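Any value given below was found using the heavy atoms of this structure, including those in side chains, with hydrogens, waters and symmetry copies removed. Please read all numbers here as calculations on a predicted model, not as lab measurements.
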Amino acid sequence: MPSFGTLDREAGNLSRQVAEALREAVRKGDLRPADALPSTRALAASLQVARGTVVEAYEQLIAEGFLESKAGAGTRVALALGEPPPAREPRVDSGQAAQAGLPERAEAFARIGREFKPLPPVPFAISVPTGMTAPGDVWRRLGNRLRARGPGSPTGYADPQGALALREAIADYVRKSRSVRCEADQVIVTSGTQQGLFLASQVLLGPRDQAWVENPAYRGVTAILESLPHRDAMVRVSVDAEGLDVEAGIRLAPKARAAFVTPSHQYPLGMPLSMARRAALLAWARAAHAWVVEDDYDSELRYEGYPFPALQGLAPDRVVYLGTFSKILFPSLRLGYVVVPPGLVDAFCGARVLMDRHPPTADQHVLAAFMTEGHLERHVRKVRNVYAEQRLSLIATLEALLPRELAWIEPGDQGMHLVLWLAARLDDHRIVRLAAHEGIAVRAASPMFAAGTARPGLILGFGGFSSAQMKAAAQRLAAVIAAAAK
Ligand SMILES: Cc1ncc(COP(=O)(O)O)c(C=O)c1O
């Protein structure tokens with residue numbers, strides 16, 4: 001039984017007092033992640049309050065992500081609150097790798113390993129498929145069917161390129177939904193876009209080659225280029241309202257071997273690459289014999305305007321196209337794809353064999369059936385509506401809560417996140433740490449920028465949480481930001 005101090009019965013609103021006492025017990029460490037709470041009946045009896053008072057307090061804390069409740073298992077402190085905030089500073093001094101006889105690359109990998117810890121599944125983590133946004137029963141049924149006796153049951157080594165049934169389904173899907181020009185034999189099934197980006201860096205870049213990367217950009221791509229032995233491999237190219245500034249790229253590195261871009265929604269800002277810039281980028285790529293690596297990470301989720309088709313459709317011989325099922329289905333599935341020009345298929349497959357031989361077979365067949373039986377299309381339609389509502393509700397909540405001089409949003413057309421910009425004097429890493437103590441999961445925006453150009457901000461995911469959960473978390477986040485500004 002947590003110690004409560006005394007409730008102030010004169011002050012009224014006892015359920016709010018009970019909730020605050022429990023929050024305080026978690027903050028002080030008297031209650032730890034996964035600790036079981038007393039039943040509402042037992043706590044109400046011990047505090048001499050009505051049971052409904054305790055039920056209300058528990059419900060509020062569940063909505064906030066402090067507590068979790070499972071049928072038959074009672075209520076406990078959320079496990080997620082035990083996750084340490086992402087470590088910022090390297091725990092090893094630079095030079096330690098050299099002393100240990102390791103190359104500098106090992107240090108870069110160690111830093112990346114610490115940075116890429118997953119966020120706990122509380123607001124505002126990105127891609128948390130729960131309730132309405134999880135594929136649910138159909139996925140389970142197909143899985144059982146295929147695992148029991150179908151092609152998903154145990155077999156020997158399989159094709160490193162991926163199961164043909166899935167490659168055919170993917171080729172059909174991207175042709176129809178994204179105007180990608182390809183056949184199934186150009187599709188390589190990956191364990192997500194992260195692997196696709198890594199494969200592209202391995203296959204396309206020689207030891208002295210440079211690559212353009214947008215500024216700001218997804219850390220998963222900048223980290224790959226930082227880990228390459230060639231220190232100047234990455235050339236950061238600014239973006240504006242039309243997306244990548246192609247002329248700036250040409251000025252900085254006309255002979256770059258590749259450009260890593262997010263044309264359908266610039267990551268993290270959300271604007272599409274304009275038609276004029278698309279033409280300029282492809283003209284440069286053709287003239288420079290460079291490759292364009294198109295990360296189409298959440299193209300299914302667009303809320304404004306007419307969706308631009310994929311860049312790949314305009315230049316299938318120059319573009320390496322990457323897609324993922326992490327956003328529209330769920331990230332732990334670890335399935336995505338690369339579509340490459342026919343001449344690159346063997347090299348990509350060879351690099352992938354050395355990495356992990358081939359993707360796990362069973363889920364590939366489940367996904368192929370999910371797609372060919374029409375479930376993916378239905379799921380996309382449903383999820384798009386849910387996310388559109390959640391996005392508007394989060395925008396309204398944040399606009400109502402946050403004083404503009406401290407934090408503001410400039411809603412782009414991102415699929416499952418918003419960027420909350422912070423006043424220049426605020427440190428986004430510190431706010432991430434403080435928010436984590438309050439059970440809120442956010443990522444800092446500043447590491448997505450090139451050195452010297454960073455802006456403080458927070459990336460807020462809105463997929464998977466109810467409006468009530470997001471509202472409660474936004475209130476706490478506003479309090480954290482206000483406190484940090486004092
Ligand atoms: C822009 C961008 N590219 C790629 C990825 C990686 O996705 P995957 O889970 O498929 O590796 C993400 C994930 O958040 C992303 O935001």
Glu242 and Ser274: CA distance, side-chain angles, deciding distance, side chain to side chain donor-acceptor pair (under 3.5 Å) verdict: CA-CA 5 Å; Glu242 287 190 61; Ser274 72; 2.5 Å; yes

Side chain of [X], backbone of [Y]: donor and acceptor closer than 3.5 Å?
X      : Y      : answer
Glu294 : Leu311 : yes
Arg167 : Ala184 : yes
Gln364 : Pro359 : yes
His358 : Ala158 : yes
His379 : Gly374 : no
Arg105 : Ser227 : yes

Qualifying side-chain hydrogen bond (donor to acceptor under 3.5 Å, both in side chains) pairs with a residue from residues 322-334, counting only residues at least two apart or across chains: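 Pairs touching residues 322-334 that pass the test: Thr324-Ser326, Ser326-Arg334.
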
Neighbour count above 12 (heavy atom, 6.0 Å) for Glu389 CD: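 Incorrect, the count does not exceed 12.
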
Over all atoms of both residues, closest heavy-atom pair of Gly439 and Val122: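 Looks like O-CG2, 3.3 Å.
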
Geometric cation-pi criterion, Arg318 with Trp291: 6.0 Å, 45°: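 Yes, cation above the ring, under 6.0 Å and within 45°.
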
Cation-aromatic face contact Arg357/Tyr157, 6.0 Å, 45 degrees: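 Judged by the rule (NZ or CZ under 6.0 Å from the ring centre, within 45° of its axis), Arg357 counts as positioned above Tyr157.
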
Flag for [Y]-[X]: side-chain donor and acceptor within less than 3.5 Å:
X      : Y      : answer
Asn215 : Ser238 : no
Asp428 : Ser446 : yes
Gln195 : Arg352 : yes

Does [X] pair with [Y] as a salt bridge, N-O distance under 4.0 Å?
X      : Y      : result
Glu300 : Arg384 : no
Arg231 : Glu226 : no
Arg141 : Asp137 : no
Arg277 : Glu214 : no

Approximate separation, where rounding is to 0.5 Å, of [X] [atom1] and [Y] [atom2]:
X      : Y      : atom1 : atom2 : value
Trp212 : Leu244 : CH2   : CG    : 6.5 Å
Ile431 : Leu477 : CD1   : CG    : 7.5 Å
Ile224 : Ser201 : CD1   : OG    : 5.0 Å
Met355 : Ser191 : CE    : OG    : 8.5 Å
Met470 : Ile440 : CE    : CD1   : 13.0 Å
Arg433 : Asp427 : CZ    : CG    : 6.5 Å

Derivation and outcome, ring pair (Phe, Tyr, Trp, His ring centres under 6.0 Å), residues Phe260 and Tyr218: CA-CA 10 Å; Phe260 287 78; Tyr218 177 54; over 10 Å; no

Worked verdict on Asp209 versus His230 for side chain to side chain donor-acceptor pair (under 3.5 Å): CA-CA 8 Å; Asp209 285 338; His230 171 32; over 6 Å; no

Side chains of [X] and [Y]: closer than 4.5 Å at any heavy-atom pair?
X      : Y      : value
Phe325 : Leu376 : yes
Leu418 : Phe124 : no
Leu460 : Arg443 : no

How would you list, by chain and number, every residue that makes a ring pair (Phe, Tyr, Trp, His ring centres under 6.0 Å) with [X], sequence neighbours excluded?
X      : result
Tyr173 : none
Phe330 : Trp139
His375 : Phe370
Tyr297 : Tyr267

By side-chain contact (heavy atoms from CB on, under 4.5 Å) - contacts of Glu377 (at least two apart):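 If we apply the side-chain contact (heavy atoms from CB on, under 4.5 Å) test to Glu377, skipping adjacent residues, the hits are Arg381.
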
Side chain to side chain donor-acceptor pair (under 3.5 Å) assessment of Asp295 paired with Thr262: CA-CA 5 Å; Asp295 177 356; Thr262 47; over 6 Å; no

Evaluation steps, side chain to side chain donor-acceptor pair (under 3.5 Å), between Asp185 and Gln161: CA-CA 8 Å; Asp185 57 10; Gln161 200 171 340; over 6 Å; no

Ile188, Val320, Val338, Leu199 screened by side chain to side chain contact (heavy atoms under 4.5 Å, CB included) with Leu344, the one that passes: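 Of Ile188, Val320, Val338, Leu199, side chain to side chain contact (heavy atoms under 4.5 Å, CB included) with Leu344 is met by Val320 alone.
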
